[in-house]
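Below is one structure, written out as C-alpha cells; comments come after it.
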Amino acid sequence: MISEIFFGLALPFAGTALGSGCVLFMKKTLSKGVQRALTGFAAGVMTAASIWSLIIPAMEQSEGMGKLSFLPALIGFWCGVIFLLFLDTLIPHLHMNAEKAEGIPSRLARTTMMVLAVTLHNIPEGMAVGIVYAGLVSGTAEINAGGAFALALGIAIQNFPEGAIISMPLHAEGKSKGRSFADGVLSGAVEPIGALLTILFAGLFLPAMPYLLSFAAGAMIYVVVEELIPEMSEGEHSNIGVLMFSLGFTLMMALDVALG
C-alpha cells in the first residue's frame, strides 16, 4: 500500500518535471497552435477525471440518501468552485498569452506571475489525487487501487504538456533554460505536497469523503472553464483545441473504466 501511494503521488509530479525538461532540448518556443492543442488535451483529461474519478464515486458513496444522493456532490462541487474563485481573485497570476494579470495588484515579475498561474492550476489536481488515495487508505468501497492509479496516470499524462507549456514560454521571456526548467518543476510541487497532506488526515476526512471528492471536481472544472477552454479557443483554427479536448476526455474515461 505504501509503495502504491508513493508511486501514485510521484507520478503526476514526474509528468510535470519531464514536460518542463523539454526546454532543455528544444530551441524554439511552442507555437500557439501546439499550445492550444496541448491545453485542449489537458482540459479534456481534467473534465473526464472530474466526472468518472470524482463525481460518480461521490454519488455512489451517498446512495443511502436515496433521491437526495446527488446533494453531497452538489454541495461539494460548488464549494470547490467558490474556493478556486477565491484563490483566483486573491493570488496575482498571469495566464499564458495574456497581457493583464489577475488577482490582487502586485509588483511581481511577469514570469513569477506566469508560474503562479500554473501553480494555481495544479492545486485542484493535487487535491484530487490526494483525496482519492485518502479514500483508498481509508478503505472506501467505491475507490480501488486501479481507479486511484488511473487518476494519477491521467493527471501525469496531461501534466507533461503543461510542463512544456510553462517552461518554454519562461525561457522565451528571458530566463535561462535551467531556471525555466526549475520553475516549471516548482509549479508542480504543490501537487504531491497537497496530496500527501490530504492522505495524512484521511481519517478525519472519511465522513466527508463524498463532499471532498466533488470539491476537487468543482475546483478542476473551474480551472477548465475559466482558464483552459479560453486558451484552447484563442485565434483561428481553434478546432484543434476541441479535437484534443475530445482525445484527452476519451483517454481519461477509458483509463478510469479499464483500470478501475
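Numbers for residues simply follow the sequence, beginning at 1.
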Applying side-chain hydrogen bond (donor to acceptor under 3.5 Å, both in side chains) as the test, list every pair that has at least one member in [range]; sequence neighbours left out.
range: residues 160-169; answer: H121-E162
range: residues 206-219; answer: none
range: residues 11-26; answer: T16-N159

Under 4.5 Å between side-chain heavy atoms, hopping through other hydrophobics if needed: is there a path connecting [X] to [Y]?
X: M46; Y: L85; result: yes
X: I75; Y: V81; result: yes
X: I166; Y: L186; result: no

Partners of [X] by side-chain contact (heavy atoms from CB on, under 4.5 Å), sequence neighbours excluded?
X: V45; result: F41, Q158, M252
X: A101; result: L94, M113
X: A156; result: L11
X: F160; result: L18, C22

At their closest point, which heavy atom of [X] faces which heavy atom of [Y], and how far apart are they?
X: A37; Y: M244; result: O-CB, 3.1 Å
X: A195; Y: L9; result: CB-CD2, 3.4 Å
X: A117; Y: E227; result: O-OE1, 4.3 Å
X: L153; Y: L259; result: CD2-CD1, 4.4 Å
X: I51; Y: P57; result: O-CD, 4.2 Å
X: V129; Y: G8; result: CG1-O, 4.0 Å

Is there a donor-acceptor pair closer than 3.5 Å between any side-chain N or O of S187 and the backbone N or O of G184?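 Yes: the side chain of S187 pairs with the backbone of G184.
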Any side-chain to backbone donor/acceptor pair from S180 onto H171? Under 3.5 Å, distance only. yes
Hey, could you give me each pair passing ring-ring contact (aromatic ring centres under 6.0 Å, His included) that has a residue in residues 50-79? Not counting sequence neighbours. W52-F249
Does Q61 form a side-chain contact (heavy atoms from CB on, under 4.5 Å) with L213? I'd like the steps, not just the answer. CA-CA 10 Å; Q61 290 180 34; L213 288 168; 3.3 Å; yes
Could you go through the side-chain contact (heavy atoms from CB on, under 4.5 Å) check for F245 and L228 one step at a time? CA-CA 10 Å; F245 176 97; L228 301 184; over 6 Å; no
Residues in ring pair (Phe, Tyr, Trp, His ring centres under 6.0 Å) contact with Y222, at least two apart in sequence or another chain: none
Could you walk me through whether D256 and L151 pass the side-chain contact (heavy atoms from CB on, under 4.5 Å) test, one step at a time? CA-CA 7 Å; D256 189 86; L151 177 61; 5.7 Å; no
Side-chain heavy-atom pair L108, H93 within 4.5 angstrom cut-off: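 With C-beta onward as the side chain, the pair stays apart.
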Heavy atoms, side chains only, cut-off 4.5 Å: are I193 and L197 in contact? yes
For L84 and L120, what are the C-alpha separation, side-chain angles and deciding distance, and is it a side-chain contact (heavy atoms from CB on, under 4.5 Å)? CA-CA 8 Å; L84 254 291; L120 181 63; 4.1 Å; yes
Run the salt bridge (Lys or Arg N to Asp or Glu O under 4.0 Å) test against D183 and tell me which residues pass, sequence neighbours left out.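 D183 satisfies salt bridge (Lys or Arg N to Asp or Glu O under 4.0 Å) with K175, R179 once adjacent residues are dropped.
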